[in-house]
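What you see is a predicted model, and the numbers here were worked out from it, not measured in a lab.
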Amino acid sequence: MRPGRHTIGAAGGPSITRRQWLTGLGMGATAGLAGCSADDDSGTEATDDGDGTGSEPDGTPSVSGTYDTVIPSSFSTLNPLYNTGSRAGTAIGRTLDPGYTFNTDGEYFPLLYDLSTDDGGSVWVFDIREGLSFTDPYGQVDASTFVYQIRELHQTDWAATAASADWTGITVEETGEFQFQAELPEPRLLWPESYDPLLYPVPTDIVDPYVADEDVEGLRQEEALLDLSFTGNLGGYTLEEWERGAGTTYSRNDEYYLRDIGEGPELFSNAPYFEGASIDVVEERASRLAALETGEADSAGIPPERFSEFEQNPRVSTYRIPQPFNRILSVNMRDNGWNAGPGNLFRHTAFRQGLAAAIGKEELIAGIFRGLAQPHYTWQPSWSEWHPGDDAVTQLGTGDRYGGEVARGLVGDAIADSEFGYRFDGNALVTPEGETITLDLYHLAGGETSQLIAEFIGEELSDSLGIEVTIEAIDAVRFQQDYWTAAPQGGTDTVDGEAVSWDRPTPNNPGPRSVTSAESWDMSIVYGLNTYPLNPLTNAAFFDGADARYNPVGYYPEFDATGVFERARSADSEAALQEPFTELFQNLAEEQPYVMLAFGDELSGYTPDLVGPTEDFFNGWDFPAWYFDA
């Protein structure tokens, strides 16, 4: 099979990301497939076969050692139908490849299937790679595997899978044993870059009983999906155990299909090159860094304040990797947000602008990130070709748009529009009863940088607005289950004078603002989100109207977001895409749906004898070819 899609026509451009499992969700400096926050504490050294090269007779490296990833917090599911977290995505990706990825040149690279179109993006053909098989007794992976999954799961109301919104309005048809096609409602030349057609195969025999009963909870908790016992030759490793809250362990898969594809790096011919792998949850940063420093770990994320130290350490190779995940302050605009008094001031654009103006971006970057970050003004990093330029967007939190005076002016505009009697007592915002405003702020447990950012935000809001901030650490799994998501209910609300219906609610946008999570909360910095800098159309998942599929905070756009995305989807050239994207990013800079803070570089340390990592946006796409240099 040859890649059918080296270029994407006039509306093309670079691919979307270096991550094989690309989700909207990140947690601080998230781990990519290759374990950018990953460590190996096995202590096993690469072996030499006696010829002094540490290689096999065919010239490929020897298979040796184990690659153990160390992460600061656990994940809640390994079910590939429902996961939306990047760390769990890494855990799943060890044993189950996605449909495709992109290489270091930003070119589409087929894994389980190829994608092609010859009519400008209206109909896409999926060519399934032959020889893919599930674990016995589930048989081969073929076109019916994916067509069934799309029709019976992603395109149904009851299943509410993570990919459900990706397949709305798309007609799929099986055209051969190893081929099917998808007809889109409108042409999309950038469809693969959006990652909407990215699928992970699961056996029909496993899910069919739940389909018959429309049993979503049973499907979520199906053990064969949670323990990935069906993956056959579909990944480099076989999952041996998932110990909830502690991590996962894997053994090398001797039947890995990638060895027989005849394309990609020559090193794929004997991949993967580690005897095993594991992902361990180690909450204490000091323990993770000690493992890296002593050689017990092969890779670990490095906090900014320690990066220069590790740069000087000959036992560690350091990398600054540009990445699209942001540092944001999420504010809860749903009915269980703003617990300081009546109403919810977070819903006012001017109030969110006031929060952004109160938090100094340059001070945050210099003091906590040690200069290893860039200011975040709109929903793109500055290195993106789609970024409209700093001069074209409002730069809240910098220069004359930073400080108490400008922050109080913006908040004053917000409370003037509020029906409740909030006011300033001197320089301090108070409730209608004249009491101090107190808000809670959650950060990720085990993350020192996250705690420092939370403390900085608390000090800034206190100094500029007189708001007292109660800081609490929380486990990511608990925050996701009890605070960030809710049971989908749907419903209708009036948004900017028009009725909006939540016809396909998701746990990440369960309905209007009246539909809330189990626990109330005000602000959080637990999660960062992907800004999709190489295909901003994917941001429709966040901002394409109040009913967008991913909207935990209950943001209602005040600009015509749906119209902007429609114009971008219908663009027939790269030049035509720039205008709607510029409008999108200018409006997001104004409305601050999430209070934007910074883009921190992904700071990673690897053992020097690990061959494969690159200081590149696409680092890790070829993780199966990484090896220890004996």
Side-chain angles (χ1 to χ4, degrees), residues 328-359 396 404 407-425 427-443 453-454 457-472 474 479-480 482-486 489 491 493-496 508-527 542 546 551-558 590-597:
I328 50 176
L329 174 66
S330 300
V331 296
N332 186 4
M333 292 169 257
R334 294 186 178 273
D335 284 359
N336 67 342
W338 187 263
N339 296 289
N344 188 331
L345 291 183
F346 292 140
R347 295 176 180 175
H348 296 267
T349 292
F351 188 82
R352 299 193 300 273
Q353 290 176 336
L355 296 179
I359 303 168
L396 294 167
R408 289 188 293 273
L410 290 164
V411 170
D413 293 339
I415 61 179
D417 290 337
S418 172
E419 62 183 287
F420 303 99
Y422 290 95
R423 66 184 189 277
F424 278 100
D425 183 0
N427 290 333
L429 181 68
V430 297
T431 68
E433 292 76 25
E435 297 177 352
T436 299
I437 301 291
T438 301
L439 302 174
D440 57 54
L441 171 57
Y442 289 91
H443 71 86
I453 294 172
I457 291 171
E459 292 172 358
E460 292 284 82
L461 296 187
S462 176
D463 291 345
S464 292
L465 298 171
I467 295 175
E468 296 301 317
V469 178
T470 301
I471 297 172
E472 297 186 42
I474 192 169
F479 187 79
Q480 181 188 42
D482 296 339
Y483 295 77
W484 194 249
T485 61
Q489 295 183 25
D493 202 359
T494 300
V495 181
D496 198 23
N508 290 300
N509 190 0
R513 288 168 169 169
S514 58
V515 182
T516 62
S517 56
E519 299 288 344
S520 63
W521 61 281
D522 295 319
M523 305 183 294
S524 81
I525 57 170
V526 173
Y527 295 130
F542 301 138
N551 188 8
V553 298
Y555 164 63
Y556 291 0
E558 296 181 15
E590 287 289 328
E591 295 197 5
Q592 295 287 308
Y594 300 85
V595 178
M596 304 173 207
L597 302 175

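- With a 4.5 Å cut-off on side-chain heavy atoms, Asp417 and His348 count as touching.
- Between the CZ atom of Phe346 and the CG atom of Leu329 there is a distance of 7.5 Å, given to the nearest 0.5 Å.
- Between the side chain of Tyr556 and the main chain of Arg513, a donor-acceptor pair closer than 3.5 Å is present.
- Side-chain N or O atoms of Glu591 include one that pairs as donor or acceptor with a backbone N or O of Glu558 at under 3.5 Å.
- Rounded to the nearest 0.5 Å, atoms CG (Leu439) and OG1 (Thr470) are 8.0 Å apart.
- Under a 3.5 Å cut-off, the side chain of Ser462 and the backbone N or O of Gly466 do not form any donor-acceptor pair.
- A distance of 5.5 Å separates CZ of Phe424 from CD1 of Ile415, quoted to the nearest 0.5 Å.
- A pairwise comparison of heavy atoms in Ser464 and Ala407 identifies CB-CB, 4.4 Å as the closest pair.
- Taking the six-membered ring for Trp, Trp484 and Tyr442 have ring centres at least 6.0 Å apart.
- Between Leu429 and Val411 the shortest side-chain heavy-atom distance falls below 4.5 Å.
- Put simply, the side chain of Arg334 does not reach to within 4.5 Å of the side chain of Val553, judged on heavy atoms.
- In this structure, Arg352 CZ and Leu345 CG are separated by 11.0 Å, a value rounded to the nearest 0.5 Å.
- Note: His443 NE2 to Ile474 CD1 = 10.0 Å, rounded to the nearest 0.5 Å.
- The side chain to side chain donor-acceptor pair (under 3.5 Å) with Asn339 is formed by just one residue from the set Asp522, Thr438, Asn344; it is Asp522.
- Considering only heavy atoms from C-beta on, Val430 stays 4.5 Å or farther from Tyr422 through its side chain.
- Side chain of Asn551 to backbone of Gly554: a donor-acceptor contact under 3.5 angstrom is found.
- When each of Asn332, Asn336, Asp482 is paired with Ser517, the side chain to side chain donor-acceptor pair (under 3.5 Å) condition holds for Asn336 and for no other.
- Summarising the geometry, atom CG belonging to Asp335 is positioned 6.0 Å from atom OG belonging to Ser514; distances are rounded to the nearest 0.5 Å.
- Nearest heavy-atom pair across Trp338 and Gly343 is CD1-O, 3.1 Å.
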